[in-house]
Protein chains: 2
Amino acid sequence: MKNRDEVRELFKAKKVPLTHQRLAVYEELSGRKDHPSAEALYESLKKDYPSLSLATVYKTLQTLHEMGMVARVDSPAAQARYDAIVETHHHAVCTACGRIEDLFDPRLDTLPAPKAEGFVPSGHSVHFHGLCARCAKASAQKTR
Amino acid sequence: MKNRDEVRELFKAKKVPLTHQRLAVYEELSGRKDHPSAEALYESLKKDYPSLSLATVYKTLQTLHEMGMVARVDSPAAQARYDAIVETHHHAVCTACGRIEDLFDPRLDTLPAPKAEGFVPSGHSVHFHGLCARCAKASAQKTR
DNA sequence: TACTAGTGGATAATAATTATCAACCAGGAG
DNA sequence: CTCCTGGTTGATAATTATTATCCACTAGTA
């Protein structure tokens, strides 16, 4: 939870203009314990900023995400992806091209139970993110 | 990877009519090593089944999912969710109401490296799924 | 072979997100 | 403090992914 001056510093360091809207979206998001959607944030912010546009919330979240100040909880991919393997297994997701590889590793199949009050777990999955072989190679080319 | 007769049995057991389209979608999906979207499956299947409709692919995937024969890889939620906490942490996702709780557990922060050829990992996150305290209670009420 | 519930195909509708663009503001120069 | 300029905002259109609708048709059974 960053205070207003820390936020200001981060924007300055990245040379990204800090607008009222951006500050408002960030403070609203970091003040909440749930994981709101863009729409939900918009609904909350509308009271204090009646002129705020939903499109601005989307754009701001995009900007904050690129700055590394917010994370997207679920799918990075726009469309749903399907898998005919329903047994427990895990995934390596390429952050560059979106490719998803299956991982089978029994060491990941049993993990410490989640420490969440009253939560009744039925399963879990581990998502590694990083660069797939192809994209890692392409990235190495570029920076060479 | 189930053969055609096993698939036939599963449909019979669940009393779900097995149509050519359903068989085709399932066989196409289980024959692939990537994790295709509905659209991608449709594109592949169009060659052999020119009359196939995209809507049918969606409905079939839905049906297969309810039968427990296919899994959805990423987001169970329709809309993207955001988080102001960018440090490594994990999530408990309620399959009933979609609520997402943050989990902080250092034991989950270091896991065996993914066994995927050439993959360069940059991080990971663990998703537990199950019922949150509220939904678990509601579910217990109902079955009492 | 005939019957009937449920499915498939075509397309409209909906939902989430992104693009467009003129008016406006943040932040630096003078 | 005022002006300037590029980036941002807000309103809305467009796009993308998915779901609903509805009638003809097929799977599974008698």
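All chains are named by letter (A, B, ...) in the order of the sequence lines, taking the proteins before the strands, and each is independently numbered beginning at 1.
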Whole-Å distance separating the OH atom of A:Tyr49 from the P atom of D:dT8 = 18 Å
A:His65 NE2 - C:dT18 P separation (whole Å) | 11 Å
Euclidean distance, atom OH of residue A:Tyr42 to atom C1' of C:dA16 [Å, nearest integer] | 15 Å
Please report, rounded to the nearest Å, how far the P atom of D:dT16 is from the CZ atom of A:Arg81.
-> 17 Å
Side chains of A:Asp34 and B:Ile100: does their closest heavy-atom pair fall under 4.5 Å?
-> no
Once base and sugar-phosphate atoms are separated, protein heavy atoms under 4.0 Å mark nucleotides 20-30 of chain D, 5' to 3', with B, S and - as BB-----SS--
How about A:Ser122 and B:Leu131: do any of their side-chain heavy atoms sit closer than 4.5 Å?
-> no
Distance test, side-chain N/O of A:Ser53 to OP1/OP2 of D:dA11, below 4.0 Å = no
Check whether any side-chain nitrogen or oxygen of B:Gln21 sits under 4.0 Å from OP1 or OP2 of C:dG9, and answer yes or no.
-> yes
For A:Glu66, side chain to side chain contact (heavy atoms under 4.5 Å, CB included) partners two or more places apart | A:Gln62
note: B:Glu39, atom CD; D:dT16, atom P; distance rounded to Å ~ 10 Å
Heavy-atom nearest nucleotide on DNA chain D taken for A:Thr63 and for A:Leu54; more 5' hit belongs to A:Thr63
Carboxylate-amine/guanidinium proximity below 4.0 Å for B:Arg4 and B:Glu27 = yes
Connected via hydrophobic side-chain network under 4.5 Å: A:Tyr58 and A:Val70 = yes
Salt-bridge criterion met for B:Glu43 and B:Lys46 (N-O under 4.0 Å) | yes
Out of D:dT19, C:dA16, C:dA10, which nucleotide sits closest to the side chain of B:Tyr58?
-> D:dT19
Atom-pair distance (CZ on A:Phe11; C1' on D:dT8), nearest Å = 12 Å
Mind checking B:Ser37 for me? I need base, sugar-phosphate or nothing, with any heavy atom below 4.0 Å counting as a touch.
-> nothing
Nearest whole angstrom, please: distance from the P of D:dA17 to the CZ of B:Arg72.
-> 16 Å
Ring centres under 6.0 angstrom apart (A:His124, A:His90) | yes
To the nearest angstrom, how far is B:Gln62 atom CD from D:dA17 atom C1'?
-> 14 Å
